[in-house]
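Structure, as structure tokens:
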Amino acid sequence: MDQLLATQAQAVNAVNASPIVTIVVPTLNERDNVEPLIALLDAALPGINWEVMFVDDDSTDDTAKHVRSLAMADPRLRCIQRIGRRGLSTACIEGMLASSAPYVAVMDADLQHDEALLPRMLEILRREPVDVVIGSRYAAGGGLGDLTGKRASISRLGTKLARLICKQDISDPLSGFFMCRRDVFEGAVRRLSGQGFKILLDLLASSPRPLRVRELPFEFRSRQHGESKLDTLVAWEYVALLADKLFGHIVPVRFALFALIGLLGVAVHMLVLWSGLNFLSWGFGLAQSMATFVAMTSNFFLNNILTYRDQRLRGWRLLRGLLTFYGICGIGATANVGVASYLFSANQIWWLAGLLGVVVSAVWNYAMSSIFTWKAS
Ligand code: GDD
Ligand code: MN
């Protein structure tokens, strides 16, 4: 009898032990926010079986290590540490994939989102025909906190642009704070773009059917510890997300970005070629070679920052990447100079010769650099 009771108690514990909701928290250098966040979650979710899944992109302040050491004493804490990759959206996606709870939430680590909404979010999802509950800064009663005027207006512009890919009437589709049922996430997961910062918008735009949404207002709090990771790249990443959702089925967004930077490279190339020919009285071969070299270098750095920002090379890997890029482009450039010089000697039209040389090398460069310079993850 005692044994039976013990087994039953174990089974009950096991049921109790599996969380009903996983709160996915992406982190990048948020060490000092971890403990305060856990304390806030603990206070906000009494009687609810929750777990928190930190997804850390190899923070230099040892955020992941810190979480793991706390987790030794608290099984509700989990941590995924990703190495060699970056990205808020992909971090959230992987965190949700690693959870088996029937409800998943996404929340920032920096205490700017209001954890007090979590129980209501869960309650709504359990009781009502709603797929996603969003913490909204723009719904009546919410607010942007101390976001500066400029950031606030950029945020509003971004919110308007979201209409391009999400037709629903949502006050804050760019919010980074929401909860959904796991089947809602699973229904969209293979179509998610994963570009950039806006995982909620990605989910709304990628879902095979329009999601039923409820918004709860909250006041965006100010950050206490650490720094915002939002920089000028975030705007670029947002454009990449919009482009991917709008045209991604026609051209993969990475190829489009590479081509766009390639176009910029053509402008750089032509400028150097023109300057060399006109101001420095270089011969055509020399001018075309110099133009190729300059364009090659600037293309490498731009691609590293923009096209491959999620696999951005740094330190020694940057140098190695640059060398492989030179190597690959060197072969492309040999063909480039060869083709262009031949054409120039044949027809003397400098820009046409220069341009065709560039086209030959561009195709080669994209294919080879995606294999050798920025190895696919
Ligand atoms: N794993 C991982 N990888 N986490 C990241 C990365 C990354 O590349 N970049 C940022 N984070 C984490 C931060 O550590 C933080 O916990 C959270 O993502 C948000 O980053 P912040 O830098 O604080 O962004 P924000 O406050 O400017 O913007 C946030 O709030 C807005 C309003 O809700 C984001 O969630 C935006 O997407 C959101 O629009
Ligand atoms: Mn923040």
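What's counted below: heavy atoms across the whole structure, side chains too, no hydrogens, waters or symmetry copies. Start at 1 and go down the list; that is how both ligands and their atoms are numbered.
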Close approach, Arg82 and ligand 1, non-hydrogen under 4.0 angstrom: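 Not so, Arg82 does not reach ligand 1.
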Judged by non-hydrogen atoms, does Phe197 sit under 4.0 Å from ligand 1? yes
May I have the step-by-step check of salt bridge (Lys or Arg N to Asp or Glu O under 4.0 Å) for Arg86 and Glu237, ending in yes or no? CA-CA 12 Å; Arg86 276 288 161 83; Glu237 293 184 337; over 6 Å; no
Hey, does [X] come in under 3.5 Å of ligand 1, counting only N/O atoms on both sides?
| X | answer |
| --- | --- |
| Asp56 | no |
| His113 | yes |
| Ala91 | no |

List the closest protein heavy-atom neighbour of [atom]: residue, atom name, distance to the nearest 0.1 Å.
| atom | result |
| --- | --- |
| atom 8 (O) of ligand 1 | Gly87 N, 3.0 Å |
| atom 5 (C) of ligand 1 | Leu28 CB, 3.8 Å |
| atom 14 (O) of ligand 1 | Glu30 OE2, 2.5 Å |
| atom 30 (O) of ligand 1 | Asp108 OD2, 3.3 Å |

What do we get for Asn33 next to ligand 1 when only non-hydrogen atoms under 4.0 Å count, side chain, backbone, both or neither?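 Answer for Asn33: neither.
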Does only the side chain of Phe220 get under 4.0 Å from ligand 1, or the backbone, or both, or neither? Count heavy atoms.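 It is the side chain that gets close, since no backbone atom is under 4.0 Å.
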Can you tell me if CZ on Arg120 sees more than 12 non-hydrogen neighbours from other groups inside 6.0 Å? no
Which is closest to atom 33 (O) of ligand 1 by heavy-atom distance: Gly158, Gly176, Pro26? Gly176
Note: heavy atom closest to atom 22 (O) of ligand 1, options Lys229, Gln112, Arg86, belongs to Lys229
For [X], take its heavy atoms, then give the atoms of ligand 1 lying under 4.0 Å from any of them.
| X | answer |
| --- | --- |
| Ala109 | 16 (O) |
| Asp57 | 1 (N), 2 (C), 3 (N), 7 (C), 8 (O) |
| Ser228 | 22 (O), 27 (O) |
| Arg137 | 32 (C) |
| Arg223 | 21 (P), 22 (O), 23 (O) |
| Leu174 | 38 (C), 39 (O) |

Plane angle bin for Phe177 and His113 - parallel if under 30°, tilted between 30 and 60°, otherwise perpendicular: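 Rings of His113 and Phe177: parallel, as their planes differ by under 30°.
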Ion pair Asp202/Arg191, N-O distance below 4.0 Å: no
For the pair Asp58 and Arg85, find out whether any cationic side-chain nitrogen is under 4.0 Å from an anionic carboxylate oxygen.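 Looking at Asp58 and Arg85, the cut-off is not met.
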Taking ring pair (Phe, Tyr, Trp, His ring centres under 6.0 Å) as the criterion, tell me which of Phe300, Phe293, Phe372 meets it with Tyr326. Phe293
Could you tell me whether the side chains of Arg137 and Ser175 share a donor-acceptor contact shorter than 3.5 Å?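 Not at all, the side chains of Arg137 and Ser175 share no donor-acceptor pair under 3.5 Å.
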After noting the C-alpha distance and the side-chain angles of Leu201 and Cys166, does the key distance pass the side-chain contact (heavy atoms from CB on, under 4.5 Å) rule? CA-CA 7 Å; Leu201 179 61; Cys166 169; 3.7 Å; yes
Anything protein N, O or S sitting under 2.8 Å from the Mn ion (ligand 2): count it and give me the total.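 Near the Mn ion (ligand 2), the number of protein N, O or S atoms below 2.8 Å is 2.
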